[in-house]
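Right, one structure below, let's go through it.
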Amino acid sequence: MCKKIVLWTLTLVLALTLCACGGSAEPSEPMETPVAAVSNDPNLGTYTCTSVKMDDMDIGAEGQWIQLNPQGKAVIFLVDEPDEGQWSLNGSIFTLTMTGETVGTGTLKNGVLTLDLMGTQCVFLRDGAEAPKETTPEAPAETEGQEADLPPVGYAYLSCYGDLYRVTYPTDLFQPSSDGLTDLVGQEGTKGWITRLDSREAVDQWLSGFSAKADSQEVLSCENLSLTVAGYPAQAVVYEDAKGWHSAVVVNFGRDLGDKTYPMYAACLSFSGDSREAVWNDEIQAMAASLELTP
């Protein structure tokens, strides 16, 4: 897990909490935001933070911003000084990385960037964009609820076990499997599936298996990665064996988030294909980042 984003989160929450409680901590003045290079990409520009929440508690915003530059480059100002990162957009699914590690996931649409940073939910607005309207769970607007439940154009939902959770996949690259053995079939024979892990023991076994891949004589190449998905810690493995290339992501909820019929301690996504690119590309990483709980 990226140590920088952990430090960001802890410092950000502490500073904002002190300010909200009337403490003496003074927010740092943001540096002058550099001007983005000229490009036709409408998503480029500076996004100012307007909302910061943790566990549904609003702790305010105090001068944070993110600038999206061409070629997937980003400048992030949360505390103290700006830092450099990378950003990608797949449909409306937004991913923020630093040194190859995912540190934030969310959505970007119509100048509104919602971002989950280590369990801290932030909303950033580009100049001229309107803040998203909030609806209460008890009385959501019917039309808004229906619109929010629709995947982006060119994408579809893939759900698990009675819609316990779901991911968003691009329909031009993957289609539901008809053989009953996998959930998705992609180009060049790539296959993918999602499932749940129904006990703490199952989670431990999978994660131990990830670590064991690096020492297995049957594995030709192995990478273990730490991620954050939907605010939860996640582990990923990408490896090659005699059967080809494989990737797997386990999102560890740390507790049972299932229902009476299906216990669920973790979500698991797995892919197999003929090359590393086939099982661990931008689209597949965006699918993992799009995971959302739906009970």
Side-chain angles (χ1 to χ4, degrees), residues 40-44 68 72 86-97 102 104-116 132 142-196 225 227-232 234 236-238 244-251 262 264 266-295:
N40 293 326
D41 188 343
N43 296 305
L44 300 184
L68 304 185
Q86 301 79 40
W87 66 279
S88 62
L89 191 64
N90 196 339
S92 63
I93 306 302
F94 182 90
T95 304
L96 181 67
T97 62
T102 300
T105 57
T107 60
L108 173 57
K109 187 175 182 181
N110 298 328
V112 180
L113 171 61
T114 62
L115 200 57
D116 189 310
E142 182 176 352
T143 56
E144 289 182 358
Q146 292 173 351
E147 291 177 358
D149 198 49
L150 295 176
V153 176
Y155 292 79
Y157 291 136
L158 179 63
S159 301
C160 173
Y161 287 91
D163 208 25
L164 283 178
Y165 71 89
R166 66 190 181 191
V167 297
T168 306
Y169 68 91
T171 55
D172 61 333
L173 297 180
F174 286 95
Q175 296 296 325
S177 172
S178 60
D179 59 13
L181 299 177
T182 59
D183 290 318
L184 291 175
V185 176
Q187 297 176 347
E188 300 178 355
T190 303
K191 296 183 179 181
W193 53 273
I194 66 172
T195 188
R196 65 190 171 93
L225 307 168
L227 312 171
T228 300
V229 176
Y232 295 95
V237 64
V238 183
W245 281 86
H246 315 271
S247 67
V249 180
V250 169
V251 184
Y262 300 116
M264 180 177 66
C268 182
L269 294 81
S270 182
F271 294 87
S272 62
D274 296 333
S275 66
R276 184 189 185 282
E277 174 65 20
V279 301
W280 197 244
N281 51 48
D282 290 344
E283 289 77 15
I284 286 179
Q285 293 181 55
M287 288 170 62
S290 73
L291 182 143
E292 58 181 323
L293 302 174
T294 53

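Numbering starts at 1 and runs along the sequence shown. Excluded from the calculations below are hydrogen atoms, water molecules and symmetry mates; all remaining heavy atoms, backbone and side chain alike, are included.
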Among Leu158, Leu291, Val251, find the one that has a side chain to side chain contact (heavy atoms under 4.5 Å, CB included) with Tyr165. Leu291
First locate atom CZ of Arg166, then atom CD1 of Ile194, and finally report the distance between them rounded to the nearest 0.5 Å. 11.0 Å
Note: Thr168 and Ser290 closest approach over all heavy atoms is N-OG, 2.8 Å
With heavy-atom distances below 4.5 Å as the criterion, would you say the side chains of Tyr232 and Leu293 are in contact? yes
CG of Asn43 to CZ of Phe94, rounded to nearest 0.5 Å, is 9.0 Å
Could you grab the distance from atom CG of Leu96 to atom CG of Leu113, nearest 0.5 Å is fine? 8.5 Å
If you take all heavy atoms of Gly273 and Val279, which pair is closest and at what distance? N-CG1, 3.3 Å
Taking all non-hydrogen atoms of both residues into account, name the closest pair between Val229 and Ala288 and its distance. CG1-O, 3.1 Å
Determine the minimum heavy-atom distance between Ala236 and Val249, stating which atoms define it. CB-CG2, 3.9 Å
Value for CH2 (Trp193) from OG (Ser177), rounded to nearest 0.5 Å, stands at 13.5 Å
Are the side chains of Thr190 and Phe174 in touch, meaning some heavy atoms are under 4.5 Å apart? yes
Nearest heavy-atom approach of His246 to Ser272 is ND1-CB, 3.7 Å
Determine whether Thr294 and Tyr157 make a side-chain contact, defined as any pair of heavy atoms from C-beta on separated by less than 4.5 Å. no
When rounded to the nearest 0.5 angstrom, what distance separates CE in Met287 from CZ in Phe271? 3.5 Å
Taking atom CG of Leu164 and atom CE of Met264, what is their separation to the nearest 0.5 Å? 4.5 Å
Does any part of the side chain of Leu68, heavy atoms only, come nearer than 4.5 Å to the side chain of Leu108, both counted from C-beta? yes
At their closest point, which heavy atom of Thr171 faces which heavy atom of Ala156, and how far apart are they? CG2-CB, 3.7 Å
